[in-house]
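Input: a single structure, listed below in structure tokens.
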Amino acid sequence: MMINAEIQQLKKEKNALILAHNYQMPEIQDVADLVGDSLELAVKAAVAEEPVLIVCGVLFMAETAKLLSPEKTVLIPVRDAGCPLADHLTPEMVIEARKKHPGAAVVVYVNSTAAVKAVADITCTSANVAAVVRSLPEETILFGPDANLASYVQRQVPDKVIIPLPPEGHCYVHTAFTAEEIAEAKKSGCRVVCHPECQPSVQESADLIASTGGMVRHAGESREWFVCTERDMGYRLKKLYPDRIFHTSPDAVCRDMKKITLIDLLRSLREGVYEVHIPIEIAIPARRAVERMIAIRG
Ligand code: 13P
Ligand code: SF4
């Protein structure tokens with residue numbers, strides 16, 4: 001049997017739902033039940049009826065699904081698909097920062113470990129970051145681990161003081177884009193959209209700043225785009241808007257997102273690997289931070 005057919009059959013037998021992030025390889029996107037951004041995957045995980053969720057993405061996405069659906073079996077097909085950005089921030093750093101800034105709220109990007117979420121007040125994604133920060137009564141916000149997203153939200157919400165935690169947290173895929181590249185793309189007639197994980201100089205030169213879900217929503221507005229985010233976002237956009245042109249950078253590859261293959265997905269379904277477990281003392285406070293974000297839905 002062809003591997004895709006086998007995946008579909010096993011998925012039915014196991015009553016599993018396959019969730020894939022927009023950066024997954026095309027063949028994984030094609031076989032998934034839902035492809036989306038971090039927020040869309042989290043929301044879907046929270047309401048899914050299937051008892052088994054297979055998250056094709058990186059570990060923090062599978063952990064977020066598990067936090068929201070503790071009674072479900074949540075699987076990630078490759079155990080070491082991580083997010084180097086998430087590793088910039090530890091719970092100890094958050095606890096130290098709280099001591100230095102008593103009275104500040106702690107907002108952490110979902111691209112963080114469950115242990116970091118457990119010591120935060122609330123999480124956010126790039127799709128709802130401004131709404132999350134605006135929703136808080138505190139004027140000072142400790143924000144981690146992405147310093148570029150912190151600078152983005154500072155511009156969106158100028159009446160608050162955003163302190164990046166750590167000051168240098170970043171994603172290597174997104175910080176590789178340059179303002180010069182964008183100027184070139186604009187000169188050639190493209191509209192430019194960038195993810196808020198890009199550097200401030202890139203954000204300032206772009207026509208639009210959006211989460212990957214935001215890119216999906218806005219892509220119909222122009223004929224030709226230069227898309228400053230992970231390369232396989234281009235596959236997702238082209239599939240949705242075949243008559244538009246999307247340029248991406250061939251070097252913008254998230255190595256961890258590319259670890260999951262169809263073979264891994266098939267094995268995950270067959271053998272029930274790798275199950276995500278979060279220790280209860282971390283899961284309870286971390287869930288509170290994620291649920292508080294879901295309740296905002298900005
Ligand atoms: P989105 O929430 O926009 O999908 O971004 C997730 C991510 O990891 C970006 O690098
Ligand atoms: Fe993490 Fe960057 Fe990969 Fe997104 S693209 S998962 S932030 S390493």
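The shortest heavy-atom contact between Gln29 and Val35 is O-CG2, 3.6 Å. Residues Glu138 and Ile141 share a closest heavy-atom pair of O-CD1, 3.8 Å. Between Leu41 and Met61, the shortest heavy-atom contact is CD1-SD, 4.3 Å. The shortest non-hydrogen separation linking Glu230 to Val253 is OE2-CA, 3.3 Å. Between Asn22 and Arg236, the closest heavy-atom pair is OD1-NE, 2.7 Å. Across Lys258 and Arg231, no two heavy atoms sit closer than the pair CD-NH2, 4.4 Å.
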Donor-acceptor contacts, no H, no angles, side chain residues 68-87, under 3.5 Å, sequence neighbours left out:
unit_1: Ser69; atom_1: OG; unit_2: Ala45; atom_2: O; d: 2.7
unit_1: Lys72; atom_1: NZ; unit_2: Ala48; atom_2: O; d: 2.4

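Here the OG atom belonging to Ser211 is positioned 8.0 Å from the CG atom belonging to Leu39, to the nearest 0.5 angstrom.
Under a 4.0 Å N-O distance rule, the pair Glu96/Lys99 qualifies as a salt bridge.
Put simply, the side chain of Ile296 reaches to within 4.5 Å of the side chain of Ile122, judged on heavy atoms. Lys186 is listed as a side-chain neighbour of Asp207, based on a closest heavy-atom distance under 4.5 Å.
Side-chain contacts under 4.5 Å among hydrophobic residues (ILVMFWY), followed directly or transitively, place Ile280 together with Ile284.
Counting only residues at least two apart or on different chains, the ring-ring contact (aromatic ring centres under 6.0 Å, His included) pairs with a member in residues 53-103 are His88-His170.
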**Item:** Candidate pair Gln9 and Lys12, rule side-chain hydrogen bond (donor to acceptor under 3.5 Å, both in side chains), full reasoning
**Value:** CA-CA 5 Å; Gln9 186 182 316; Lys12 262 194 216 130; over 6 Å; no
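Here the rule is side-chain hydrogen bond (donor to acceptor under 3.5 Å, both in side chains) with Tyr23, and of Thr212, Asp37, Thr229 only Thr229 fits it.
If you check the side chains of Tyr235 and Asp30, you find a donor sitting under 3.5 Å from an acceptor. Counting only N and O atoms by type, the side chains of Thr261 and Asp264 include a donor and acceptor under 3.5 Å apart.
Note: Phe177 and His174 have tilted aromatic rings, judged against thresholds of 30 and 60 degrees for the angle between ring planes.
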